[in-house]
Amino acid sequence: MIWMTELLVVFCAVSFMLARKASRHLWVAATGALLVYWNLVHTPPLWPAMAAWLVFIPVAAVLLLTPLRQAIIMRPLLALYRRIMPGMSDTEREALEAGTVWWEAELFGGQPDWHRMLGYKAPALSKEEQAFLEGPTEQLCAMISDWDITEERHDLTAETWAFLKDNGFFGMIIPKQYGGLEFSANAHSAIVMKVASRSISAGVTVMVPNSLGPAKLLLSYGTEQQKNHYLPRLAKGQEIPCFALTGPEAGSDAASMPDTGVVCRQRFNGLDDVLGIRLNWEKRYITLGPVATLLGLAFQLHDPDHLLGQREDIGITLALIPTDTPGVEIGKRHYPMSQAFMNGPNRGKDVFIPLDWVIGGQAYVGQGWRMLMNCLSDGRAISLPALSTAAGKLVSRSVGAYAAVRKQFKVPIGKFEGVSEVLARIGGLSYIMNGARGFTTAALDSGEEPSVASAIIKYHLTERMRIVMNDGMDILGGCGISMGPHNFIARSYQALPIAITVEGANILTRNLIIFGQGAIRCHPFLFREMDAAANNDVDAFDSALLGHGSHAMSNASRSLFHSMSFGRLLHAPQHGLRGHFYRQFGRMSLAFAVITEITLMTLGGGLKRKESISGRLGDVLSYLYLGSAVLKHHYDNGSPDDELPLLEWACKDLLYNIQTRLFEVLNNLPIRVTARIARLLTFPLGKPYQRPDDALCQRVAEILMHPGALRDRLTEGVYIPDDDREPVAQLDMALHKAAAAEPLLHKLRIAMKNGKIARGDPEACLDAGLTAGVITEVEANIIRTAISARKVVIQVDEFEPEYFTKEQKTWGDSKLDGVAGRSM
Ligand SMILES: Cc1cc2nc3c(=O)[nH]c(=O)nc-3n(C[C@H](O)[C@H](O)[C@H](O)COP(=O)(O)OP(=O)(O)OC[C@H]3O[C@@H](n4cnc5c(N)ncnc54)[C@H](O)[C@@H]3O)c2cc1C
């Protein structure tokens with residue numbers, strides 16, 4: 001029996017030392033002590049004792065003697081590492097190094113400190129920001145008719161443009177000293193969300209000047225002279241900016257742009273021999289381009305005559321070019337998915353610009369890619385996530401109301417289990433989107449520029465928008481499909497591919513960026529190892545690799561322990577169901593860390609080409625991030641009990657998705673034995689998570705179908721018109737009236753059951769109910785108003801046949817001017 005106790009003690013000690021990342025000195029001391037104990041107490045035969053010491057002594061020497069270890073292990077390993085790891089181009093390195101690493105690094109490390117997360121600032125608005133949201137933003141929404149601008153005018157009205165400029169909508173990120181609004185990221189997001197809930201075209205028009213573009217680049221890199229000249233003009237809308245990176249040959253791979261600038265001297269503005277750049281470019285898809293007065297342009301700069309220095313190929317450079325500069329061709333429009341925001345191509349032929357039009361001046365020539373990458377995360381974390389959340393909230397509110405009032409088979413459609421499952425998905429995903437939006441904007445407002453988190457929420461919120469919009473359309477049926485001024489959803493539905501494609505097309509973002517950048521930036525040791533390998537620095541490599549080994553073994557032992565105990569012994573900052581979810585996300589963070597480690601070991605540099613595995617690991621990191629955001633959002637709200645169904649749906653959905661993706665990774669690892677080890681360490685007792693069950697789905701669906709504080713909280717921040725001719729307002733009214741009528745209809749149903757009145761549709765039995773004294777005249781009128789309100793919201797727009805022939809433009813009537821591409 002004694003040997004069993006001894007074995008247990010050794011097992012516990014080893015597990016504890018692994019989990020606590022014991023130093024190598026302690027490992028040597030403990031193993032040495034164990035050997036001595038074994039020799040003294042058990043007096044083993046000579047040969048096994050000798051063998052044990054012969055293994056122990058060299059291993060201990062390697063662990064303790066750094067020069068020896070480096071000479072016989074680390075140097076050869078470093079050489080191997082340099083051979084097998086793929087090289088990194090400058091543009092890749094600049095993209096990888098951009099921004100900061102934040103909560104996502106905790107999740108990556110496998111040991112998230114929940115108290116730290118709960119201590120992060122909650123998203124908040126200042127009084128001034130709140131007033132702007134309730135004042136000019138509401139006014140703007142009230143003056144927009146999305147149908148008018150997208151169908152009739154194909155542009156915002158002149159009054160709307162003027163209102164946007166006069167009220168500073170284009171200068172939200174510009175500091176007050178330059179005349180801007182200097183709003184927080186959270187306010188910026190809340191404003192875009194409200195406007196986008198009214199009109200995607202107006203939302204995009206507002207978001208673009210505040211995202212990655214001239215203002216952001218000037219604030220980060222502009223010379224004093226450039227800032228003083230342009231920022232006040234941009235803040236007041238005296239300049240309309242656009243930023244042109246994409247061209248016909250350079251889309252996702254924007255760094256490969258063929259647009260060129262050649263350093264030269266030329267006569268300019270009456271002055272001879274001005275040092276500048278001769279530009280030739282072709283760009284497309286540029287938002288605000290057709291109306292821009294100030295064009296931010298990215299191009300490859302060359303200096304064949306060495307006017308700036310020794311380098312001939314200087315690299316990507318950014319400049320600001322007034323669009324009336326000779327040689328600039330701008331103004332034509334693309335037609336993105338029936339939206340009315342300005343978007344179009346622009347070109348330049350031998351356009352000369354003086355060198356001081358380069359953003360940041362001569363000091364920043366060739367730095368363009370780094371500048372873009374560093375400025376990307378703010379806008380990417382704000383614009384499209386806000387637009388997506390707006391869609392989620394609008395669909396939750398309006399489609400929820402529609403499902404409550406629209407009846408088929410004499411029953412509100414939302415009561416059918418099939419529909420309630422879809423409604424629950426809409427509500428749950430909207431809750432996730434809103435949590436992630438606030439979590440990330442609060443990080444930006446704390447000074448972070450989390451590049452991985454910004455890619456996560458760009459990708460995952462736009463993908464959730466896609467699901468929610470599709471679900472919304474399914475529930476609305478013909479009402480969603482029939483276009484017209486009363487259709488509140490179809491234009492947003494049409495805009496989906498835009499959200500998916502811009503600011504990093506989604507397939508690329510998922511498969512190449514989230515995990516690719518996440519693994520290198522968030523992993524506690526990988527970047528250090530790569531740096532050490534790049535610099536051939538054996539000391540740094542040695543220290544990173546030892547740390548890496550200890551980290552990996554600690555996670556493996558902790559993962560096995562916490563998987564066997566179903567995460568019950570992990571620490572959680574809250575109790576009950578909430579605590580359960582903290583523990584499960586903690587457990588999955590460990591599982592992710594272990595499987596990532598094993599995947600990296602199995603595939604090495606080849607992982608770069610295994611986009612599907614990388615995409616799935618990126619999904620897991622993202623679901624962990626979204627889960628954290630949801631828990632934080634709930635905590636910041638004061639952990640109200642009425643929110644529990646939403647929290648539960650969101651967490652169960654995310655945990656189930658984590659499990660699915662991790663199993664997909666394991667199923668696709670090429671070396672099966674490593675996959676089996678990984679599975680043993682992470683899911684030794686099978687799959688613990690299930691999708692939200694039917695009862696939970698119905699509880700969430702009910703939240704969307706009943707007027708109340710929780711429904712209002714879930715959909716807070718979208719524009720609700722107070723004009724009863726507006727469809728979104730009509731749906732709200734119909735829902736309230738239906739809710740008032742429901743108990744009265746119930747009375748009629750009971751009376752039918754009791755035989756007081758004949759059985760049938762209670763709405764058709766009002767007179768019988770009145771005669772039998774089941775309801776009063778006042779109550780009958782409440783039911784009648786509910787019926788009338790429903791009749792209004794189920795109507796769709798109808799058009800005279802002439803509508804479809806008015807001013808019809810055909811391809812045959814258009815001129816093909818043969819410039820570039822296809823022109824109308
Ligand atoms: C409405 C609209 C507004 C825009 N506004 C601007 C603007 O203001 N300024 C600007 O510079 N640009 C703008 N763009 C351009 C936008 O950024 C690009 O459309 C985007 O980068 C994708 O390029 P692409 O459309 O050429 O698609 P491609 O690059 O041809 O990509 C096609 C598909 O291939 C996928 N893909 C490509 N490479 C990989 C890979 N390695 N791994 C996996 N998948 C990959 C992509 O994800 C995508 O699904 C806008 C685009 C649109 C549609």
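Numbers for residues simply follow the sequence, beginning at 1. Every number for a ligand or one of its atoms is a count from 1 in the order of the listing.
Distance check on atom 10 (C) of ligand 1: some protein heavy atom falls below the 4.0 Å cut-off. The presence of a protein heavy atom under 4.0 Å from atom 33 (C) of ligand 1 is ruled out. At least one protein heavy atom sits closer than 4.0 Å to atom 4 (C) of ligand 1. For atom 41 (N) of ligand 1, a protein heavy-atom neighbour is present inside the 4.0 Å cut-off.
With respect to Thr596, the side-chain contact (heavy atoms from CB on, under 4.5 Å) criterion is satisfied by exactly one of Ile598, Leu600, Thr599: Leu600. Each of Glu249, Arg347, Lys349 was compared with Glu282 under the side-chain contact (heavy atoms from CB on, under 4.5 Å) criterion, and only Arg347 meets it.
When atom types are taken as modelled, the side chain of Arg521 and the backbone of Glu97 share a donor-acceptor pair closer than 3.5 angstrom. Using modelled atom types, no side-chain atom of Thr137 and backbone atom of Ile191 make a donor-acceptor pair closer than 3.5 Å. For the pair Gln300 (side chain) and Asp313 (backbone), a donor-acceptor distance under 3.5 Å is absent.
Comparing Leu297, Leu288, Leu212, Leu508 by heavy-atom distance to atom 38 (N) of ligand 1, the nearest is Leu508. For atom 8 (O) of ligand 1, the candidate residues are Asn511, Thr287, Ile500; the nearest heavy-atom contact is made by Thr287. Nearest residue to atom 6 (C) of ligand 1 from Phe341, Tyr285, Tyr335, Phe243 is Tyr285 (criterion: closest heavy atom).
Residue contacts with ligand 1, taken as heavy atom pairs separated by less than 4.0 Å, do not involve Val208 at all. Contacts with ligand 1 closer than 4.0 Å are made by side-chain heavy atoms of Ile498 only, the backbone lying farther away. With a 4.0 Å heavy-atom cut-off, ligand 1 is reached by no atom of Lys283.
At a 3.5 angstrom cut-off on N or O pairs, Ser252 counts as close to ligand 1. Taking distance alone, with nitrogen or oxygen atoms compared against 3.5 Å, Leu245 approaches ligand 1 more closely than that limit. In terms of polar-atom proximity, Thr246 is counted as a contact of ligand 1, with an N or O under 3.5 Å from an N or O of the ligand. Checked against a 3.5 angstrom limit, the closest N/O atoms of Arg284 and ligand 1 fall outside it. Taking distance alone, with nitrogen or oxygen atoms compared against 3.5 Å, Ala244 stays at or beyond that limit from ligand 1.
Counting protein heavy atoms only, atom 24 (P) of ligand 1 is closest to Gly251 CA, 4.0 Å.
Between Thr317 and Val358 the shortest heavy-atom distance is CG2-CG1, 3.8 Å.
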- Message: The test is salt bridge (Lys or Arg N to Asp or Glu O under 4.0 Å); show your working for Glu664 and Arg616 and say whether it passes.
- Response: CA-CA 8 Å; Glu664 285 170 4; Arg616 292 180 187 115; 3.2 Å; yes

